[in-house]
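I'd like to ask some things about the structure below.
Scope of the values below: all heavy atoms of this structure, side chains included, with no hydrogens, waters or symmetry mates. Worth saying up front: this structure is predicted, and the values here are computed from it rather than measured. Start at 1 with the first residue, then count along the sequence.
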Amino acid sequence: GRVFSVLVLGILGVILCEVVLRRIFNRPQIWTQDLTVMLFACYIILICAYGFQKKAFVAVDVIFAMLPQMAQHILHIITYLILPFVVSMLPTSWRFFLRAYTTHEQTYSVWAAPTWPVKLCLFIGLALLAIQSVSEILKQVQAIVELAQGKKTLPADGKEAQ
């Protein structure tokens with residue numbers, strides 16, 4: 001996640017370049033919009049697993065917090081069952097990338113940038129998300145086992161109390 005977060009600097013650089021060229025030199029470029037969209041797509045999918053690990057997604061905790069700890073862990077496992085969907089998307093995203101790479105697929109703009117880098121990022125991001133999903137499910141299962149055995153366990157959000 002930290003490695004891929006530097007893509008934000010690339011996005012910022014492209015946008016800054018476009019603003020300078022368009023506003024100061026009155027020379028808009030045909031490639032900046034496509035590149036910004038492609039970099040942003042790569043950024044979002046590649047940091048998704050990191051956000052999952054850090055619990056950076058929006059959650060409604062009003063009712064969840066009132067549930068017993070065992071129910072919280074079980075509910076987390078149920079919501080983490082995106083794993084089969086992500087795993088089923090892996091072969092499809094790989095074929096999606098391979099088709100773009102082998103056919104030299106390009107964007108429909110005048111710039112005609114290759115699309116395979118973004119499609120490769122989709123595959124990598126889904127693979128990372130699948131791995132992180134397995135990790136999160138195993139953490140919840142471990143917490144349920146520890147609760148059942150009467151051992152101290154972490155809260156369902158995975159963070160220790162300060």
Query raised in the report: If every non-hydrogen atom of Ser133 is compared with every non-hydrogen atom of Leu83, which pair is closest and at what distance?
Result: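 Smallest heavy-atom distance, with atoms named: CB-CD1, 3.7 Å.
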Requested in this report: Report, as yes or no, whether the 6.0 Å neighbourhood of atom OH on Tyr50 holds more than 12 heavy atoms from other residues, nucleotides or ligands.
Outcome: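 Buried by this count: over 12 neighbours within 6.0 Å.
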Report task. Starting at OG1 of Thr102, measure out to CZ of Arg95 and round the result to the nearest 0.5 Å. Result ->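 One finds 13.0 Å between OG1 of Thr102 and CZ of Arg95.
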**Report entry** Polar side chain donor-acceptor pair, Glu136 to Gln132, under 3.5 angstrom
**Finding:** yes
Could you list the donor-acceptor pairs under 3.5 angstrom formed between side-chain atoms of residues 19-27 and any protein atom two or more places apart in sequence or on another chain?
residue, atom, partner, partner atom, Å
Arg22, NE, Glu18, OE2, 2.7
Arg22, NH2, Glu18, OE2, 2.6

Query - Inter- and intrachain pairs under ring-ring contact (aromatic ring centres under 6.0 Å, His included), touching residues 117-140, at least two apart - result: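 Counting only pairs at least two positions apart or across chains, the ring-ring contact (aromatic ring centres under 6.0 Å, His included) contacts touching residues 117-140 are Trp94-Phe123.
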Query raised in the report: In Å, rounded to the nearest 0.5 Å, how long is the span from CG of Leu16 to CG of Leu9?
Result: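 With rounding to 0.5 Å, CG (Leu16) is 11.5 Å from CG (Leu9).
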Query raised in the report: Can you get from Ile131 to Phe97 by hopping between Ile, Leu, Val, Met, Phe, Trp and Tyr side chains that sit under 4.5 Å apart?
Result: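 No, it is not one cluster - the side chains of Ile131 and Phe97 are not joined through contacts under 4.5 Å.
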Query raised in the report: Hey, any chance Val37 and Leu12 share a hydrophobic cluster, counting ILVMFWY side chains that come within less than 4.5 Å of each other, even indirectly?
Result: no
Query - Interatomic distance, Ser135 atom OG to Gln140 atom CD [nearest 0.5 angstrom] - result: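 Output value for this atom pair is 10.0 Å.
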Query raised in the report: What distance separates Ile137 CD1 from His73 NE2, expressed to the nearest 0.5 Å?
Result: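 Separation between the atoms: 14.5 Å.
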Report task. Answer yes or no: is there a side-chain heavy-atom contact under 4.5 Å between Phe64 and Thr79? Result ->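 A side-chain contact is absent here, since even the closest heavy-atom pair is not under 4.5 Å.
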Report task. If the plane angle is over 60° it's perpendicular, under 30° parallel, otherwise tilted; pick one for Trp111 and Trp31. Result -> tilted
Query raised in the report: In Å and rounded to the nearest 0.5 Å, what is the NZ to CZ distance from Lys119 to Arg99?
Result: 7.5 Å
Query raised in the report: Do Tyr108 and Ile30 belong together in a cluster built from hydrophobic side chains that touch within less than 4.5 Å?
Result: no
**Report entry** Sub-4.5 Å side-chain heavy-atom contact between Gln72 and Leu75
**Finding:** no
Query - Closest heavy-atom pair and its distance - Ile124, Leu46 - result: CG2-CD2, 3.7 Å
Query raised in the report: Taking a hydrophobic cluster as the set of Ile, Leu, Val, Met, Phe, Trp and Tyr residues connected by side-chain heavy atoms closer than 4.5 Å, whether directly or through intermediates, do Ile44 and Val6 fall within one such cluster?
Result: no
Query raised in the report: When rounded to the nearest 0.5 angstrom, what distance separates CG in Leu39 from CG in Asp34?
Result: 10.5 Å
Query raised in the report: Heavy atoms, side chains only, cut-off 4.5 Å: are Thr32 and Ile15 in contact?
Result: no
Query raised in the report: Should Met70 and Ile63 be regarded as members of a common hydrophobic cluster, given that ILVMFWY residues are connected when their side-chain heavy atoms come within less than 4.5 Å of each other, either directly or indirectly?
Result: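 Met70 does not cluster with Ile63.
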Requested in this report: Can you see which heavy atom on Cys42 is nearest to which on Cys121, and at what distance?
Outcome: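 Distance-wise, the nearest heavy atoms are SG-SG, 3.2 Å.
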Query raised in the report: What are the two closest heavy atoms between Ala130 and Leu90, and how far apart are they?
Result: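 Scanning both residues completely, I find the closest heavy atoms to be CB-CD1, 4.3 Å.
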